[in-house]
Amino acid sequence: MAKQKKKKKYRGFWIFFKLQLLLLLILVGAAVYYFAGGYAKTIKQLKEEADTLVAKSNEDFFRKGETGLVYDKKGKLIKTYQGEKDSYYIEYDDMPLIVEKVMVSVEDRKFYKHKGVDYRAIARAILAMVRDGEVTQGGSTITQQLARTVFLNNEITWQRKMEEIFIAQNMEKKYTKSQIMEFYLNNIYFGNGYYGIEAAAQGYFSKGVKDLDLSHIAFLCAIPNNPTLFDPVTNKKNTLSRRDRIISGMYEQNMISYAAAQEAKAEKIKLKRKKGIEKNNYVETFIHYCAIRALMKSQGFEFQYYFEKEKEKKAYEKQYEQMYKDCENSLYISGYRIDTSIDLQQQEKLQDAIDVGLSGFTDTNEEGVYQLQGAGVTIDNTTGYVTAVVGGRTQDFEGYTLNRAYQSFRQPGSAIKPLLVYTPALERGYTPESMVADTQIADGPSNADNAYEGEMTLRTAVMKSKNTVAWRLFEELTPETGLAYLKTMNFSKIDAEDNRLPAALGGFTVGVSPLEMAAGYAALQNDGCYREPTCIVKIKDSQGNLIYTSEESEDVKKKKQSDETEGIRIYKSNAARMMTDMLQTVITQGTGRGLSLGDMPSAGKTGTTDDNKDGWFAGYTRYFTTSIWVGYDQPRTLPGLTGSTYPGNIWHNYMLSIHEHMTPMSFVPYIEQKDIVTDY
């Protein structure tokens with residue numbers, strides 16, 4: 001028995017020894033890899049840079065943000081970005097103690113114990129990432145968040161994380177906890193252009209932070225985690241929900257009593273934004289959106305719209321939200337110079353066309369917003385840039401301006417047919433003169449006019465918007481193939497449930513936006529090549545250094561046959577030209593009859609959904625592409641609404657106005673090809 005115990009003890013010793021030896025070898029290997037792989041040099045450089053940044057900083061450094069400037073296509077200043085840090089900076093001694101308590105409770109419970117970095121929190125975040133396969137926990141302290149906000153760019157790299165850690169450590173050596181808290185509360189972003197807790201208090205409640213109670217302060221402190229998701233103006237329910245979680249957390253940490261927690265959560269929050277506050281219009285909200293995405297792209301972010309697994313989607317969305325938040329922060333304080341493609345004259349004309357076209361409808365909802373709405377987008381076909389974007393009717397009212405041009409998604413009706421049915425069919429051997437059958441389909445769709453005309457050319461079927469023909473072609477093509485075209489053009493709301501035949505007629509789970517439709521039709525005009533719709537031409541930093549451009553170099557352009565063939569190839573050029581030729585017939589003889597632009601050749605398609613709930617017209621000339629949507633925000637029937645009525649008339653009047661004095665330019669003709677298709 002004693003021998004067995006001795007053997008076990010001996011065996012245990014050798015196991016322990018081998019484990020220690022293995023650990024030592026791993027550490028030695030890691031050290032060799034660290035130095036031989038060049039990481040030691042990189043980290044040394046990062047530390048030196050962090051040392052320099054913090055050494056040069058002073059208290060004034062944390063008070064000021066540079067003003068960003070935004071220009072239209074002619075170089076006219078149309079918007080400024082300026083966080084109100086100078087006006088609303090509040091000293092630590094003037095800050096209510098409860099503000100600090102709330103922020104520590106929700107962002108960094110060990111703020112007073114660590115020296116800039118909470119290594120246990122980082123370790124937990126790493127373990128959670130390994131366990132879950134994605135980032136599920138944050139590891140950044142308040143000091144690290146401040147370092148990231150005021151010193152660093154938005155790259156998601158291990159180098160930036162290391163530099164963030166070095167900066168945080170240096171800040172803790174140079175500044176007191178009180179100073180760091182002061183800097184933090186005055187520099188974090190609270191949405192809607194408000195930097196710092198005092199600016200947020202004034203902006204949302206027209207009061208100083210001193211005059212706010214626990215409930216209101218927790219409400220404000222709920223915002224910085226994700227200023228878009230917890231925006232009090234657009235997502236107040238989300239903000240309130242997070243406020244309640246924060247208050248509950250404070251009670252669990254014994255910061256407040258149970259009674260105080262219940263009272264704070266029960267309190268009603270009513271925003272009282274300052275009168276005369278500048279409210280972003282449709283141009284400004286779109287520029288804001290495009291500029292943030294441009295900055296994200298400049299930092300190497302890759303946009304994605306479709307995912308094989310839900311887990312992959314959630315991981316992407318978290319990464320997107322963080323990067324979007326960081327880039328939005330920098331937009332207000334970095335002093336960027338932003339050149340856009342916006343044409344203010346076109347913008348005014350598009351807004352006027354929508355306002356006049358819908359002027360007969362004056363009913364409003366509970367918030368005073370017009371119930372019947374319209375939206376439109378124009379793209380310059382030479383450059384591919386957005387030149388005008390209108391997200392609704394002109395109206396002054398309290399509340400958020402929804403930009404329906406890119407934020408609303410609706411059923412497109414027959415306006416989608418050229419993009420996912422007809423042009424793909426033309427790629428596969430059909431021609432405008434191919435004979436197709438307009439006959440009833442068992443368990444299939446009916447035509448809008450309930451008429452069936454038998455054999456006809458594909459041109460006639462498009463001209464008369466025959467649902468039966470589109471259905472049969474889509475069935476032959478397969479929904480999966482047809483939808484792939486839309487996905488390649490970044491139609492962002494195509495759902496797995498859309499993989500069915502009704503999609504041929506615009507029957508989607510969610511829908512499409514006017515921006516997406518304009519970009520899709522612009523691809524037809526652009527010989528089948530898609531260009532991502534944006535209004536951002538270039539972004540420079542405050543020193544004039546180029547940090548983003550969507551323009552290609554002259555060398556690249558010279559290699560291409562024409563500027564009009566830039567972009568991602570979606571359709572074969574001859575198929576796109578045939579589609580354009582048929583869409584000209586729609587305007588001269590078909591469902592868009594009466595919407596001709598006179599001597600200016602034009603092509604387009606109407607779209608009307610079931611029960612006349614949505615009306616669309618999307619069309620183009622060689623110069624410009626414009627899509628128009630008309631409908632109610634809460635879908636309901638509008639008697640008389642079709643693609644050719646309100647949206648068609650708006651399109652027609654607007655396009656006439658912007659083509660005035662322009663030389664008529666014909667579309668590129670298609671090449672005749674043998675019709676190899678005789679039936680289905």
Side-chain angles (χ1 to χ4, degrees), residues 27 30-66 103-104 107-130 135 137-189 224-225 295 298-301 319 322-323 325-327 329-330 333-334 541-543 545 547:
L27 290 173
V32 172
Y33 181 72
Y34 174 75
F35 287 101
Y39 290 99
K41 184 178 180 181
T42 300
I43 290 177
K44 182 182 179 183
Q45 290 174 341
L46 292 173
K47 187 177 187 313
E48 289 174 351
E49 184 176 334
D51 292 345
T52 302
L53 287 172
V54 177
K56 288 182 177 180
S57 71
N58 54 38
E59 292 184 34
D60 289 338
F61 174 80
F62 297 95
R63 290 175 177 264
K64 297 179 180 180
E66 297 189 62
M103 206 50 99
V104 168
E107 292 294 338
D108 187 359
R109 297 184 182 184
K110 295 182 179 179
F111 175 68
Y112 298 106
K113 297 179 180 178
H114 63 66
K115 295 183 179 180
V117 181
D118 185 348
Y119 294 103
R120 288 188 179 181
I122 292 175
R124 285 196 302 270
I126 293 173
L127 288 173
M129 183 177 67
V130 172
V135 178
Q137 295 182 22
S140 295
T141 63
I142 280 177
T143 316
Q144 285 176 263
Q145 292 178 47
L146 177 62
R148 183 167 62 240
T149 299
V150 299
F151 287 106
L152 300 174
N153 61 27
N154 307 300
E155 290 179 321
I156 302 176
T157 62
W158 70 267
Q159 291 96 328
R160 194 201 73 167
K161 194 66 178 178
M162 285 301 303
E163 190 169 10
E164 174 190 303
I165 289 172
F166 290 139
I167 290 173
Q169 290 173 329
N170 283 337
M171 287 177 65
E172 292 274 350
K173 294 175 183 176
K174 182 170 183 175
Y175 301 108
T176 66
K177 289 288 186 180
S178 298
Q179 286 178 305
I180 290 171
M181 179 59 68
E182 177 184 313
F183 301 154
Y184 177 75
L185 289 169
N186 280 287
N187 280 276
I188 51 174
Y189 184 50
N225 179 265
L295 290 172
S298 73
Q299 300 295 339
F301 189 87
Q319 186 183 17
Q322 182 60 53
M323 179 66 94
K325 169 187 168 184
D326 289 347
C327 289
N329 286 350
S330 67
I333 61 174
S334 299
D541 64 20
S542 59
Q543 306 303 313
N545 301 307
I547 60 174

Worksheet item: Would Phe166 and Phe151 satisfy ring-ring contact (aromatic ring centres under 6.0 Å, His included), going step by step from the backbone distance to the final call?
Response: CA-CA 11 Å; Phe166 290 139; Phe151 287 106; over 10 Å; no

Fill in: Residues Lys115 and Glu172 bridged, charged N to O under 4.0 Å
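Answer for the salt bridge query: no.
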
From [X] atom [atom1] to [Y] atom [atom2], the distance as rounded to the nearest 0.5 Å:
{"X": "Arg148", "Y": "Asn329", "atom1": "CZ", "atom2": "CG", "value": "9.5 Å"}
{"X": "Asp326", "Y": "Gln145", "atom1": "CG", "atom2": "CD", "value": "10.0 Å"}
{"X": "Leu185", "Y": "Ile180", "atom1": "CG", "atom2": "CD1", "value": "12.0 Å"}
{"X": "Glu164", "Y": "Gln169", "atom1": "CD", "atom2": "CD", "value": "11.0 Å"}
{"X": "Leu53", "Y": "Glu48", "atom1": "CG", "atom2": "CD", "value": "12.0 Å"}
{"X": "Asp51", "Y": "Lys173", "atom1": "CG", "atom2": "NZ", "value": "7.5 Å"}

Under a 3.5 Å distance rule, please check whether [X] uses its side chain to pair with a backbone N or O of [Y] as donor and acceptor.
{"X": "Gln144", "Y": "Thr141", "value": "yes"}
{"X": "Lys110", "Y": "Asp118", "value": "no"}
{"X": "Lys325", "Y": "Pro224", "value": "yes"}
{"X": "Asn186", "Y": "Glu182", "value": "yes"}
{"X": "Asn170", "Y": "Val54", "value": "no"}

Shortest non-hydrogen contact from [X] to [Y]?
{"X": "Ile142", "Y": "Asp108", "value": "N-OD2, 2.9 Å"}
{"X": "Phe61", "Y": "Val150", "value": "CZ-O, 3.8 Å"}
{"X": "Ser334", "Y": "Ser542", "value": "O-CB, 3.9 Å"}
{"X": "Lys174", "Y": "Ser57", "value": "NZ-O, 2.6 Å"}
{"X": "Glu163", "Y": "Leu46", "value": "OE1-CD2, 3.9 Å"}
{"X": "Ser330", "Y": "Leu295", "value": "OG-CD1, 4.0 Å"}

Item to complete: Give the intermediate values and the outcome of side chain to side chain contact (heavy atoms under 4.5 Å, CB included) for residues Thr143 and Tyr184.
Response: CA-CA 8 Å; Thr143 316; Tyr184 177 75; over 6 Å; no

Discussion item. Does the plane of the ring in Phe183 sit parallel, tilted or perpendicular to the ring in Phe62? Use 30° and 60° as the thresholds.
Written reply: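 Phe183 and Phe62: parallel rings.
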
